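To start, the structure itself, in structure tokens.
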Amino acid sequence: MHTIDKKSITKAWAGAIPSLRDAPRTVSFSTRRSANANAEPAKEFPPTQLPIISGKIPDGLRGTLYRNGPARLECGGDANGGLRQRMGHWFDGDGAILAVNFTEGIATGAYRYVQTSGYQEEAAAGKLLYGNYGMTAPGPIWNQWQKPIKNVANTSVLALPDKLLALWEGGKPHALNLQTLETWGEDDLEGLTKGLSYSAHYKRDKQTGEIFNFGISPGLNAMLNIYKSDPTGKIIQQAAYQLDSVPLVHDFVLAGQYIVFFIPPVRLNVLPALIGTNNYSDLLKWQPRLGTQILVIDRVSLSVVSRGETEPWYQWHFANGYVDASGSVIVDIARYEDFQTNQYLKEVATGQTHTPAESTLTRVHLHLQTGKVTSIQQLLNRHCEFPTVPQQNVGQASRYTYMSTFRLGTDISQELVNAIARFDYKTETLTEADLGENRYPSEPIPAQDSQNPEQGWLLTVVYDGNSHSSEVWVFDSDRLDAEPVCKLGLPSVIPHSFHGTWNPAS
């Protein structure tokens, strides 16, 4: 990884990558409307008051929605027809941050690329230089050793009191200005020594302010590094545990006083990865005979409580976890039966998906002291991805889980998620927001009302394939099947993104 020189990236908006921003519009490479959002590099915009398309911004909605995702899936090309190079996987796209600030009935939005060193180098060269998760570095074999992988800072965001972190699980986070989204450079959080990475899927306990996260150090047998930070993001405690070969660990769960990892049976073929003859995505192999390994960690001491093993499955994301009255750990997962999801996500970058990959909301009961799974229960027979709970419920029992899903009748092998929903554990019912044909919402983000803690809102960024435009929709979280309380227009299309957060006004 390369360190960014802060002076080199404190630029005015007008100077930001004109060769990409001014590129001619790419003709859609798919008949599917969803593909058009990713068909060309996204266009940045400075802080701009957003027009209200319908409804009214709730008085108690005070704070900032941040979202991160791959905004550029190709590089090169110019008005004279230069070659455009497409990236190998959806995960390879350069990250950009959308910030939408709500205050006193007004919403202001801004959108900027994270100015990583690799992004700047490739923008200046007008071509791809680095390898990544789903591609090797272009050119001769030695390029694959010299420029093996680029920190694309494209997966999630962590809002801290004095900075915003753009997160990517293969390296250090990048720090940005909370208001202007100016990139300040890589941040080691006073604890990420050379070679340590910081995952995109942190867990924050709203009651204590503590932040938990992890990173994987590869090797013949990988090391799982676990971090505890104070509310400022400073790492105050670390622990490391050896894993079996090199698994793909994307997320974990906070459950009361425990941190729980479910390590799926996906392993990296290490030697070709080191030599550079193939990319990481293609070298990750599904090995169901290994089962799903379980690691339970005490959140105070960061010591191992138990290790266990259960049947094979794959998950990218957890909804939540908690300890019930009997002392069992309850964990809710967006569960896939195998690793076909990786192929589907690779196809998203091409605009033509054809691999079915369905995950379902699944509840796992786990015995703490033995690490033994006592029951596995499928809660829904509908697709579930990007599951989340209100911030105040992380690590505790939550009545609701919010998620992305598909409209009934959608061929899931052919489309991106096109609906959002809320599952009520008390009534065991699903309430769905159907956005209509050719509309694609982002992961739903809960936001607590600043004036009434019993009132909640749900925010999502919607790409409208009918008009090739993007909007921010605000729902009443208790009336998700009703019309949005507010719709806001955005100045340019926001490509499909991964994860976001709500940062309430202080």
Side-chain angles (χ1 to χ4, degrees), residues 37 48-69 96-111 156-159 164 178 181 204 206 319 385-394 398 400-405 417-422 431-436 439-464 469-491 493-505:
T48 305
Q49 184 172 330
L50 304 182
I52 297 176
I53 297 172
S54 66
K56 176 181 178 292
I57 297 173
D59 292 338
L61 187 62
R62 304 288 181 93
T64 304
L65 170 70
Y66 293 103
R67 288 205 60 79
N68 192 358
I97 309 296
L98 172 69
V100 181
N101 177 258
F102 295 85
T103 178
E104 298 179 354
I106 295 173
T108 302
Y111 188 54
S156 191
V157 279
L158 171 54
L164 181 72
L178 284 160
L181 304 182
R204 176 154 47 187
K206 193 167 184 180
E385 253 306 351
F386 303 124
T388 188
V389 300
Q391 289 180 3
Q392 64 270 22
N393 294 340
V394 171
S398 177
Y400 304 114
T401 283
Y402 302 93
M403 68 192 74
S404 299
T405 187
V417 286
N418 53 16
I420 56 175
R422 184 188 77 173
T431 304
E432 181 178 347
D434 187 337
L435 283 67
R439 292 194 180 100
Y440 304 90
S442 69
E443 162 202 51
I445 300 292
Q448 194 172 34
D449 191 276
S450 64
Q451 300 172 4
N452 176 12
E454 300 302 314
Q455 172 67 62
W457 309 103
L458 205 64
L459 289 79
T460 183
V461 177
V462 177
Y463 170 68
D464 189 336
S469 62
S470 292
E471 300 169 0
V472 178
W473 290 20
V474 181
F475 288 90
D476 183 328
S477 62
D478 286 330
R479 302 180 66 226
L480 196 53
D481 52 352
E483 282 293 306
V485 298
C486 184
K487 296 181 183 179
L488 302 163
L490 288 165
V493 167
I494 306 299
H496 304 296
S497 57
F498 291 144
H499 299 288
T501 191
W502 172 253
N503 189 33

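From a predicted model like this one, the values you see are computed outputs, not experimental measurements.
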Original post:
If we only count heavy atoms from C-beta on, is the Leu158 to Arg204 side-chain gap below 4.5 Å?
Top reply: yes
Subject >> Residues which pass salt bridge (Lys or Arg N to Asp or Glu O under 4.0 Å) with Arg422, listed by chain and number, not counting sequence neighbours >> reply: Asp478
Subject >> Euclidean distance, Trp457 CH2 relative to Ser450 OG, rounded to 0.5 Å >> reply: 10.5 Å
Original post:
Residues two or more places apart in sequence or in another chain: which of them pass salt bridge (Lys or Arg N to Asp or Glu O under 4.0 Å) with Asp476?
Top reply: none
**OP:** Could I get the full list of side chain to side chain contact (heavy atoms under 4.5 Å, CB included) partners for Thr405, not counting sequence neighbours?
**Re:** Arg382, His383, Ala419, Ala421
Original post:
Any idea which heavy atoms bring Leu181 and Ala110 closest together, and the distance?
Top reply: CD1-O, 3.8 Å
Subject >> Atom pair OG/CG of Ser477 and Leu458 - distance to nearest 0.5 Å >> reply: 6.5 Å
Original post:
Looking at residues at least two apart in the chain, or sitting in another chain, which of them share a ring-ring contact (aromatic ring centres under 6.0 Å, His included) with Tyr66?
Top reply: none
List, one per line, each side-chain donor-acceptor pair under 3.5 Å for residues 97-108, sequence neighbours excluded.
from	atom 1	to	atom 2	distance (Å)
Asn101	ND2	Gly63	O	3.4
Asn101	ND2	Thr64	OG1	2.8

Original post:
To the nearest 0.5 Å, how far apart are OH in Tyr440 and OG1 in Thr460?
Top reply: 14.0 Å
Original post:
Counting only N and O atoms by type, is there a donor-acceptor contact under 3.5 Å from the side chain of Ser470 to the main-chain atoms of Tyr463?
Top reply: no
Original post:
Who are the ring-ring contact (aromatic ring centres under 6.0 Å, His included) partners of Phe498, not counting sequence neighbours?
Top reply: Trp90, Phe91
Original post:
Between Cys486 and Ile52, is any pair of side-chain heavy atoms under 4.5 Å apart?
Top reply: yes
**OP:** Mark yes or no for whether Ser497, through its side chain, and Gly69, through its backbone, hold a donor-acceptor pair below 3.5 Å.
**Re:** no
Subject >> Smallest separation among heavy atoms of Ala447 and Leu459, with atom names >> reply: CB-CD1, 3.7 Å
Original post:
Are Val157 and Asn503 side-chain neighbours, meaning at least one heavy-atom pair lies under 4.5 Å?
Top reply: no
Subject >> Distance (rounded to the nearest 0.5 Å) between Gln448 CD and Arg62 CZ >> reply: 15.0 Å
Original post:
How would you list, by chain and number, every residue that makes a salt bridge (Lys or Arg N to Asp or Glu O under 4.0 Å) with Asp481, sequence neighbours excluded?
Top reply: none
Original post:
Does Phe386 have any ring-ring contact (aromatic ring centres under 6.0 Å, His included) partners at least two apart in sequence or in another chain, and if so, which?
Top reply: His317, His499
Original post:
Can you name the side chain to side chain contact (heavy atoms under 4.5 Å, CB included) partners of Pro504, sequence neighbours left out?
Top reply: Gln391, Trp502
Original post:
Between Thr401 (side chain) and Val389 (backbone), is there a donor-acceptor pair under 3.5 Å?
Top reply: no
Subject >> Pairs satisfying salt bridge (Lys or Arg N to Asp or Glu O under 4.0 Å), at least one member in residues 442-452, at least two apart >> reply: Arg67-Glu443
Subject >> Test item: Leu490 and Val472 side chains (from C-beta on) under 4.5 Å apart, heavy atoms >> reply: yes
Original post:
Sequence neighbours excluded, which residues qualify as side chain to side chain contact (heavy atoms under 4.5 Å, CB included) partners of Ala433?
Top reply: Ile420, Leu435, Phe475, Leu480
Subject >> Glu471: partners by salt bridge (Lys or Arg N to Asp or Glu O under 4.0 Å), with sequence neighbours left out >> reply: none
Subject >> Minimum-distance pair of heavy atoms, taken over all atoms of Pro491 and Leu50 >> reply: CD-CD2, 4.0 Å
Original post:
Between atom CD1 of Ile53 and atom CG of Leu488, what is the distance when rounded to the nearest 0.5 Å?
Top reply: 7.0 Å
Original post:
Looking at Val417 and Pro441, what are the two nearest heavy atoms and their distance?
Top reply: O-CD, 3.9 Å
Subject >> Heavy-atom pair of closest approach, residues Ala319 and Pro387 >> reply: CB-CB, 3.6 Å
